[in-house]
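Below is one structure, written out as structure tokens, with a few remarks after it.
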Amino acid sequence: MAATTVWQPRDDGLAEIFPLLEQQISPSSAVDKSQIWKQLEHFSQFPDFNNYLVFILVRAEGKPIGIRQAAGLLLKNNLKRVWISMAQENQKYIKSELLPCLGAVDRHIRTTVGTIISEVVNIEGVSGWLELLPALVSCLDSNDLNHMDGAMDALSKICEDIPQVLDSEVPGLAERPINIFLPRLYQFFQSPHASLRKLALGCVNQYVIIMPAALYNSMDKYLQGLFVLANDPVAEVRKLVCAAFVHLTEVLPSSIEPHLRNVMEYMLQVNKDPDEEVALEACEFWSAYCDAQLPTENLKEFLPRLIPVLLSNMAYADDDESLLDAEEDESQPDRDQDLKPRFHTSRLHGSEDFDDDDDDSFNVWNLRKCSAAAIDVLSNVFGDEILPALMPLIQAKLSASGDEAWKEREAAVLTLGAIAEGCFNGLYPLLSEANDKFPLIRSISCWTLSRFGKYLIQEIGNPKGYEQFEKVLMGLLRRLLDSNKRVQEAACSAFATVEEDAAEELVPHLEVILQHLMCAFGKYQRRNLRIVYDAIGTLADSVREELNKPAYLEILMPPLVAKWQQLSNSDKDLFPLLECFTSISQALGVGFAPFAQPVFQRCMDIIQLQLLAKVDPASAGAQYDREFIVCSLDLLSGLAEGLGSGIESLISPSNLRDLLLKCCMDEASDVRQSAFALMGDLARVYPAYLQPRMVEFLEIASQQLSANLIRENLSVANNACWAIGELAVKVRQEVSPIVTNVASSLGLILQHGEAVNKSLVENSAITLGRLAWIRPDLVAPHMEHFMKPWCLALSMVRDDIEKEDAFRGLCAVVKVNPSGGVSSLVFICKAIASWHEIRSEDVNNEVSQVLNGYKQLLGNSWAECLSALEPPVKERLARYV
């Protein structure tokens, strides 16, 4: 039998690929990287292109390391896409070339090989590559530094990306791979080579979260190893030791309890480590300790020594990026790069349980912030008990005079804010505004005041509490007009927080608040102007119709309208202003009518301009940016909600209906989300307007509920579902054509409720009820499929008109098909018992009829059904039966 020929590269193939890789890594700006990518993509179509790449990585020894590495990284990215469909002989060739290279002399080559090996294991597991584990073991046992390092590097990547793969049964292996590797990793804890100690500890740490039996059973060995490495000369190893103790505290606190005093002593020492990253990792321990509910008396003993360390670490580090531009005065105009990207959240109907995209990616977590978080947690655990250890330190720092001590003073004000929640009672008599010449002290004092705001509001009933609340409010308002940009930003953000907490308590102070906000509006540069818009919007959301007084509108509206007129339809500074007007229009209700016409027209113009820019930017004179459409649709929703049926005169002569339909079909999910929100709002206040294209609106909305869309576009499905329900109760029988399809989709959503979210489940339950109320004959035949999850979802809905509608539907389908509800009767009873009080007399009667109907139908079995219910449920049902 002829031997299999081993693949060999052709010289002309190598000659074509080398120059491309060389150009790809070239720093020269003259090289057109996109063209090179196109050519490399073209080569990717050849079945053996990846063989060339592995050959260059492993065997092109005369070539620069950068080129070989580039070939390896390109190979790794290609394998993600094509490994499954790749010819078996090519897979075999790539694997056979990689393994001998684990011990390559050059570390860059070894680590690139490790990355590719991890990618292949990610795709096919270890059972698809039986030679891999013996090769790794052989390298680890070789005593050759290059081989040990290469194998350990590959192993660390596998442990980081796919730890579970080593804790699984592998056909042909007597034990799980983790049992083979763990003892070897423990041995490497004592290696003389820092790189191996670091990689070995990093590998084991990855398993703490999933805690396989192998690690659990060898916990003493692991802990022993951690204590050996605790004072390692290499900072990265000490950091990993701290991370291990933090993870163990979070995942398996019982494992460290026998050694608790030693661990705490160690963490306290390392919290002062000269390496900030090690100190940061150690600092995470104190919050983890409190969350794990380990004995507080142990921690209490440490407080006198721990608190000074945390306080000392709360001072700004010299290289903290927050110190940049701290002195910038309001007279300096903002540069474009000063304007952070902003994210508009599309309008959503229902429970606010969707993930908030607006994570503060601009704030870097550091030792200062972690120490403040630890003090915050400690203050919540110990309350005013920590003040004797803390207050002398705070007082000393606050009274430290002189320019050089400003960081100490700032850290003291930060500490007061951090402990506001836990030590409110002991602190609030001491509250005062820091009026320091250093801007960062004035700015942190705004945050600290806002932290107290929430608790002061609870004390507002007593004279002392009211006086303190006024003090905080006026302190923040004064800071709004500071001349330093950083202080303005802090004051505005802090004030927005107080607005949310205080809500109607702000009403007596509205005039002075508006005067300060509009004064700030007049003096701020572009970046901080966005935060003022937010503060105005939050104020409107908080005080609602109280804002609708001529004296207040005279202060508020003219500057906003002037700014509105000044900005062009394609100016991105319009976004926060559109959002601000949305809140104001909802708060003022019909009081917004005098401003409604120009605002409505502007929104229409913006949407039209953007729809044109999407297909023809040149004739639109603007680049397409869908955020303009989203913000405009949301403002139109705000108008509909505020003006109610008064919006009729605005939209009747317009072409909003056609524009809205286009937006409901847009490929961008955030545009569709806002479009369906507006469709639902119009259905509530002026359904006749949608009439001429009703069938299309209903059809498109129902398409959003199909299972393949749900996962990607939960918020779109949520709003479409809500809009269908709103239309159904208004146009009644006209929804008939979509009832069967929509009921089926909603039934599926309810059956898989755990895969979606609370808001969509609630809206699905309500809309299904509304459709069942209108066409029980179409819904009842299928009710057995979804009755149980439907009733469970209705049990979670709060008492309101929407819940009443849903129960009208539930009762209607049970009347049409009583036998279809028998198997879910316990759940029907629980759903009915979820009402605190049914205010609508007709719904009360319907519910009573349903229960009495089942009582009659079941005869002696009725008592059996009741016995399956908890006493409070039975008690509530007694009102109806």
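The shown structure was predicted, so the numbers you read here are calculated from the model rather than taken from an experiment.
- To the nearest 0.5 Å, atoms CG (Leu390) and CD (Glu385) are separated by 13.0 Å.
- The neighbour count for Glu421 CD, taken as heavy atoms of other residues, nucleotides or ligands under 6.0 Å away, is above 12.
- Inter-residue side-chain proximity for Trp447 and Val413 is flagged as unmet; no heavy-atom pair is nearer than 4.5 Å.
- Not a single donor-acceptor pair under 3.5 Å links the side chain of Ser191 to the backbone N or O of Phe188.
- Here the closest non-hydrogen pair linking Ile394 and Ala412 is O-CB, 3.8 Å.
- Taking each heavy atom of Lys369 and Val364 in turn, the nearest pair found is NZ-O, 3.1 Å.
- Contact record, Leu367 with Asn271: CD1-ND2, 4.4 Å, taken as the closest heavy-atom pair.
- Expressed to the nearest 0.5 Å, how far CG of Leu310 lies from CG of Leu378 amounts to 6.5 Å.
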**Q.** Gln468 vs Phe452, side chain to side chain contact (heavy atoms under 4.5 Å, CB included): CA-CA, chis, key distance, verdict
**A.** CA-CA 10 Å; Gln468 285 285 16; Phe452 280 94; over 6 Å; no
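- No donor-acceptor pair under 3.5 Å is formed between the side chain of Arg197 and the backbone N or O of Phe189.
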(Q) Does Phe245 form a ring pair (Phe, Tyr, Trp, His ring centres under 6.0 Å) with Phe227? I'd like the steps, not just the answer. (A) CA-CA 10 Å; Phe245 283 130; Phe227 288 125; 5.7 Å; yes
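- Considering CD of Glu276 and SG of Cys370, their distance stands at 10.5 Å, rounded to 0.5 Å.
- Taking 4.5 Å as the limit, some side-chain heavy atom of Ile386 sits within range of a side-chain heavy atom of Cys423.
- At least one donor-acceptor pair closer than 3.5 Å links the side chain of Asn205 to the backbone N or O of Leu240.
- Under the side-chain contact (heavy atoms from CB on, under 4.5 Å) rule, Tyr289 has a single partner from Leu299, Thr296, Val246, which is Leu299.
- Note on residues 199-211: no pairs pass salt bridge (Lys or Arg N to Asp or Glu O under 4.0 Å), not counting sequence neighbours.
- Under the 3.5 Å distance criterion, with hydrogens and angles disregarded, no donor-acceptor pair is assigned to the side chains of Tyr533 and Asn528.
- Using a cut-off of 4.0 Å between Lys/Arg side-chain N and Asp/Glu carboxylate O, Lys803 and Asp800 are scored as not salt-bridged.
- More than 12 heavy atoms of other residues, nucleotides or ligands shown are found within 6.0 angstrom of CD on Gln206.
- In this structure, Val532 and Leu517 approach most closely via the heavy-atom pair CG1-O, 3.8 Å.
- Closest of all the heavy-atom pairs between Pro576 and Arg530 is CG-CG, 4.0 Å.
- Annotation: side chain of Tyr207 is not in contact with side chain of Tyr216 (no heavy-atom distance under 4.5 Å).
- Electrostatic pairing of Asp232 and Arg238 does not count as a salt bridge here, judged by no charged N lying under 4.0 Å from a carboxylate O.
- Side-chain atoms of Asp167 and Leu215, non-hydrogen and from C-beta on, never get closer than 4.5 Å to each other.
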Side-chain atoms of residues 490-498: list all donor-acceptor pairs with protein atoms under 3.5 Å, sequence neighbours left out, distances to 0.1 Å.
| unit_1 | atom_1 | unit_2 | atom_2 | d |
| --- | --- | --- | --- | --- |
| Ser493 | OG | Glu489 | O | 3.1 |
| Thr497 | OG1 | Ser493 | O | 3.1 |

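- With salt bridges taken as basic N to acidic carboxylate O contacts below 4.0 Å, one links Glu410 and Arg368.
- Put simply, CG on Leu416 and OG on Ser379 are 11.0 Å apart, with the number rounded to the nearest 0.5 Å.
- Within the 3.5 Å criterion, the main-chain N or O of Trp835 finds no donor-acceptor partner in the side chain of Asp799.
- Within the 4.5 Å cutoff, the side chain of Met211 has heavy atoms near those of the Leu248 side chain.
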Q. So Met264 and Glu301, side chain to side chain contact (heavy atoms under 4.5 Å, CB included) or not? Walk me through it.
A. CA-CA 11 Å; Met264 292 171 78; Glu301 206 183 306; over 6 Å; no
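- Enclosure of atom CZ in Arg261 is not indicated, since only 12 or fewer non-hydrogen atoms of other residues, nucleotides or ligands lie within 6.0 angstrom.
- With Ser583 contributing its side chain and Asp541 its backbone, the two residues share no donor-acceptor pair below 3.5 Å.
- Two residues are said to be in side-chain contact when any heavy atoms from C-beta on lie closer than 4.5 Å; Glu250 and Asp291 fail this criterion.
- Phe438 places a side-chain heavy atom less than 4.5 Å from the side chain of Arg409.
- The existence of a salt bridge linking Arg876 and Glu837 is excluded, since no basic side-chain nitrogen approaches an acidic carboxylate oxygen closer than 4.0 Å.
- The shortest side-chain heavy-atom distance between Leu166 and Cys159 falls under the 4.5 Å cut-off.
- Listed by chain and residue number, nothing satisfies the salt bridge (Lys or Arg N to Asp or Glu O under 4.0 Å) test with Glu504 (two or more places apart in sequence, or in another chain).
- With respect to the salt-bridge test (charged N to carboxylate O, under 4.0 angstrom), the residues Asp376 and Arg451 qualify.
- Using a 4.0 Å cut-off between charged side-chain N and carboxylate O, Arg442 and Asp482 make a salt bridge.
- In terms of heavy-atom proximity, Leu303 sits nearest to Pro308 at O-CD, 4.0 Å.
- Atom NE2 of His509 sits about 4.5 Å away from atom CD of Glu470, to the nearest 0.5 Å.
- Residue Lys397 places its NZ atom among more than 12 non-hydrogen atoms of other residues, nucleotides or ligands, all under 6.0 Å distant.
- Separating the CG atom in Leu506 from the CD atom in Glu500 is a distance of 11.0 Å, to the nearest 0.5 Å.
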Q: Starting from the C-alpha separation in whole Å, work towards a yes-or-no answer on side chain to side chain contact (heavy atoms under 4.5 Å, CB included) for Leu226 and Tyr266.
A: CA-CA 11 Å; Leu226 290 175; Tyr266 171 68; over 6 Å; no
(Q) Working note: Val270 + Phe285, criterion side chain to side chain contact (heavy atoms under 4.5 Å, CB included); need CA distance, chi angles, decisive distance, verdict. (A) CA-CA 11 Å; Val270 194; Phe285 174 74; over 6 Å; no
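- The environment of Glu875 atom CD is sparse: at most 12 non-hydrogen atoms of other residues, nucleotides or ligands sit within 6.0 angstrom.
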